[in-house]
Structure formats: structure tokens, C-alpha cells
There are 2 protein chains.
Amino acid sequence: MSHTVGVRQAQKQKTRQALLDAALVLLEEQSLSSLGIREVTRAVGVAPTAFYRHFRSTADLGIALVEEALGSLHPLIESLLAEHDDSEQLIAHMVDLISAHVQDHPSHVRFLARERHGGVQPVRAAMATQLQRFAEEVRVGLATQAESRGWGEDDLLMLSRLYVDHMVMTASELVEAEPGTEEALKDTARRQMLVIHLGRAHWLDHRG
Amino acid sequence: MSHTVGVRQAQKQKTRQALLDAALVLLEEQSLSSLGIREVTRAVGVAPTAFYRHFRSTADLGIALVEEALGSLHPLIESLLAEHDDSEQLIAHMVDLISAHVQDHPSHVRFLARERHGGVQPVRAAMATQLQRFAEEVRVGLATQAESRGWGEDDLLMLSRLYVDHMVMTASELVEAEPGTEEALKDTARRQMLVIHLGRAHWLDHRG
DNA sequence: AATTCCAGAGAACAATCGTTAACTGATGTC
DNA sequence: GACATCAGTTAACGATTGTTCTCTGGAATT
């Protein structure tokens, strides 16, 4: 990784990123299936046809946004899972991590919430794949904890899905929250995760 | 309720319903924010301007669809909550009820999942109001159960929100499920509700 | 220095859009 | 039976859309 990528490729990446950024702003008030190519290029200050040098369609751009929005989250989750032994402490930090991420990248989170069940199938598929990866990672993380002794693999995956879905739900609520109501939402989310955690702790009682 | 509503109003209701039905079909493959007025009227076989006799805009139509899709669910939930004492049995029936509703009205459910965080603010607001009503109703239902002795009102609302959100999530997953995978999804959903139920049963242990 | 490559510009296309205005004719009212 | 009401039609408007083809000028290659 010595020599720079070349003026040409660098400039191309720059406009590509500008297209992604502009799209993200526009998508704060509409859905991907109504996003126009001309609309995006106009916001960037570039000719409509330039769009095709980077993306085949707006659906293609949407997939790129999914990677951008979720890709950066994997290391965060992984390290969080690794550095905590105490589960209850982990819950508090998990909510804080989500909250911070929503504050730092609100339009990314909004995009994810909006397009998760949105009108563009390839984008939905891309997100589903990524979220499955998250559930898998969480499952691996949970498996190392002492509380998971005696758990079957499918039950563990069931539980991680519950956690992941609750995280996504919390993020969606936080990004649409009225200013000032965030703390109450975070508190509710923490208590809900605690309910789940308590249920997890007594799962084997019930089964056995 | 003796005399009929008049030929005139009846005919108007008929085209209004036709517009709603056509929109629902179109919305299976796109979002509301990209739904065109002409597109809907063309599908019904009526002049574009006729649309304005019934709705101010597509957002207005979206709100009507929210009422249609969620309104019919209230009585179902209410009766389900009323007719069960045993909580675990209720879980199984709740999942069955959701599953049946998804099978009977897939496009309604798809619409709800899609527009809950969609690009049209008034529609989001209408849905949020309705879902809050659901959480409230579930809270009242839970309050009558023996397991809720000693629970604070805010904790009960926290729990009902968790239930409602999980129901919505399950419905979303079922409506997008590959044919043949529904049963596995339902089983996972039941186990997840059981985790929540177990957490609920031990909530006071932890608090006290 | 000559040549190739390619990101972006420019012009033009047919199609679609939301919205207005003025109308028609069956229904409801008296 | 005369009159008013109003759901739906027809025509037209300017604006915007996705996509194509051709062109340009600087970077990359040789």
C-alpha cells in the first residue's frame, strides 16, 4: 500500500461519495423507491449522466448505502461483546452504544429503518444478509458467556435474533424521537433488555 | 339504520374503496412516497381528477389505509386478551392469530411494515398513534392478570410495548418469509415470547 | 511525444407527472 | 317536474423524469 491510487481514481471516489452523501440527505424525507437520479446529481452539482459511471440504478446506490451504514457497526458490536463479562453492565453499555451511534449517524440509521421493509427488493435483501451476520456474531459472543451453559445452538440463535431485533427497534425509535424524550426511551429500552435477560437466565428452569 | 345510504353515496364509497384496493396492490412493490395519483386512478379505470373527490393527496390515502389495516385488529386483540387466563397458552394463540392475519391480509401487513418508518410523515404519525393505542390496550389486558401483581404502571407499559413491538416484528417477518419457512419463524417467535414471559415472571425477584 | 482511456458534460427523446379549469349528466331535493 | 348538487370526465399546462448518443479534455499508458 505504498503509492497513491492515482488522481483519476481518487476523483472518481470523491464524486461517488458525494452522490452517496447527497442521496442520504434526500432520503431523510422520502423513500428510496421515489429517489430520482436527476435529483441526486442536481444536489451534487454534476450532470445526470455522470450517475451511471458509478451506479447502475438507484437500487444499486441503495445497496452501497447499506454497506456503508452497517459495515462500520460490526467492529463496534464485536468489541462490545468481547470486553464485557457482566451481562447487566453490558445491557447498559449496549443501549449507550446504540444511542451514541444514532446521534453520530442519524441519517444512516433512518435510512436503515426506512428501507428495511422498503419498496426496493435488492436493498431489503442486502440488509437482511447483513442483519443475519449480526445475529450470528452476537450468537458467537453469547456462546462464550457463562449464562449460555447448556443452551442449544438454535435456542442461542433465537435469543441473539431477539437481541438484534430489539437493538434495531431501539435505534429506530431513538432516531424518530422528539427532542428531550430520548432519555425516557433509553430507560425503557434498558428495562426491556433486562426483561429479556431475566428470561434468558430462567430459560433452562422452564425447559428442564 | 333503516333506509339505505342513497345510490349516490354508495357509488362514491365504491370508487373510494376501489382506489384504496388498487393502491394497496401497487404498494406491494413500491413505497407510498413514490405512489402516483395517476397510477392509482389508471389501475381503477377512472379519470385522474376523480382522485381529488376522495383524497387530498396520496399521503391522505395512506392515512386511510392505516385505519383500514389496523382498525380491524383492535377487536381481535381485545378478545384474545380477554379469553385467556393461562399466559403460556396465550402466547401460542397470539402467534397463531398473527400468522392467520398475515395470511388473510398480506398486503395490509406489508403496507404497515413498509410505511411504519416510511418517507411520509403524516402516515408515520397515524400509525404511531394506533400502535400506542394497541400498547395501551395490551397494558390494560396484562393488568388484569395475576402475574402483574405488584407491577408499577410504567413497567407494565414498558412490557406491553415489548409485546406489541415483537408482534409487529413477527408479522413483518412472516409476510416476507420464503414459502415453507413460516413454521420455523412461528416457532422462533413463540420461543422469543416465552423468553419475555419468563423475564416477566422473575421481574419482581430482580427488583425486590 | 503519441496514443489510449474514461469521468463527466451536453443535448435531445418520449413519457409521465400533479394540478387547474370548465363540462356533463345522473341523483337528490323541494 | 323544475332546480340544485356533485361524482366523475375531458382537455390542457408546465415541469420533471430515465435513458440514449455524441462529444470533450485531462489522466494514464506506452
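Quick note on labels: first sequence line is chain A, next is B, and so on, each numbered from 1.
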Open item on the list: Check the phosphate of C:dC17 against B:Arg42, side-chain N and O only, distance under 4.0 Å to OP1 or OP2. Yes or no?
Closed with: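 Yes, B:Arg42 has a side-chain N/O under 4.0 Å of OP1/OP2 on C:dC17.
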
Measure from [atom1] on [X] to [atom2] on [N] and round the result to the nearest Å.
X: A:Arg38; N: D:dA15; atom1: CZ; atom2: C1'; value: 11 Å
X: A:Tyr52; N: D:dT17; atom1: OH; atom2: P; value: 12 Å
X: A:Lys12; N: D:dA28; atom1: NZ; atom2: C1'; value: 14 Å
X: A:Arg8; N: D:dG25; atom1: CZ; atom2: P; value: 14 Å
X: B:Arg56; N: C:dT20; atom1: CZ; atom2: P; value: 12 Å
X: B:Glu39; N: D:dT17; atom1: CD; atom2: C1'; value: 14 Å
X: A:Leu26; N: D:dT17; atom1: CG; atom2: C1'; value: 15 Å
X: B:Gln11; N: C:dT27; atom1: CD; atom2: C1'; value: 11 Å

Side chain of [X], heavy atoms from C-beta onward: which of [options] has the nearest atom to it?
X: A:Ala50; options: D:dG18, C:dG8, C:dT27; result: C:dG8
X: A:Arg53; options: D:dA28, C:dG8, C:dG18; result: C:dG8
X: B:Thr15; options: D:dA7, D:dT10, D:dT19; result: D:dA7

Open item on the list: Ignoring hydrogens and geometry beyond distance, is a side-chain donor-acceptor pair present between A:Glu67 and A:Gln130 at under 3.5 Å?
Closed with: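 A:Gln130 and A:Glu67 do have a side-chain donor-acceptor pair below 3.5 Å.
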
Open item on the list: Between A:Asp60 and A:Arg16, does any NZ, NE, NH1 or NH2 come within less than 4.0 Å of an OD or OE carboxylate oxygen?
Closed with: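 No, A:Arg16 and A:Asp60 are not salt-bridged.
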
Open item on the list: Check this for me, if you would: do A:Arg200 and A:Asp155 make a salt bridge, where the nitrogen-to-carboxylate-oxygen distance has to be below 4.0 angstrom?
Closed with: no

Task: First encountered from the 5' end of DNA chain C, between A:His54 and B:Val7 - done: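 Nearest-nucleotide comparison on DNA chain C picks A:His54.
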
- [ ] Quick one: label A:Ser57 by what it contacts on the DNA or RNA (base, sugar-phosphate, nothing), any heavy atom closer than 4.0 Å.
- [x] nothing

Open item on the list: Within the 4.0 Å heavy-atom criterion, would you say B:Thr49 contacts the bases, only the backbone, or no part of the nucleic acid?
Closed with: base

Open item on the list: B:Arg139 vs B:Glu136, test: salt bridge (Lys or Arg N to Asp or Glu O under 4.0 Å). Steps then yes/no.
Closed with: CA-CA 5 Å; B:Arg139 202 209 73 207; B:Glu136 191 61 33; 2.7 Å; yes

- [ ] First locate atom CG of B:Leu81, then atom CD of B:Glu137, and finally report the distance between them rounded to the nearest 0.5 Å.
- [x] 8.5 Å

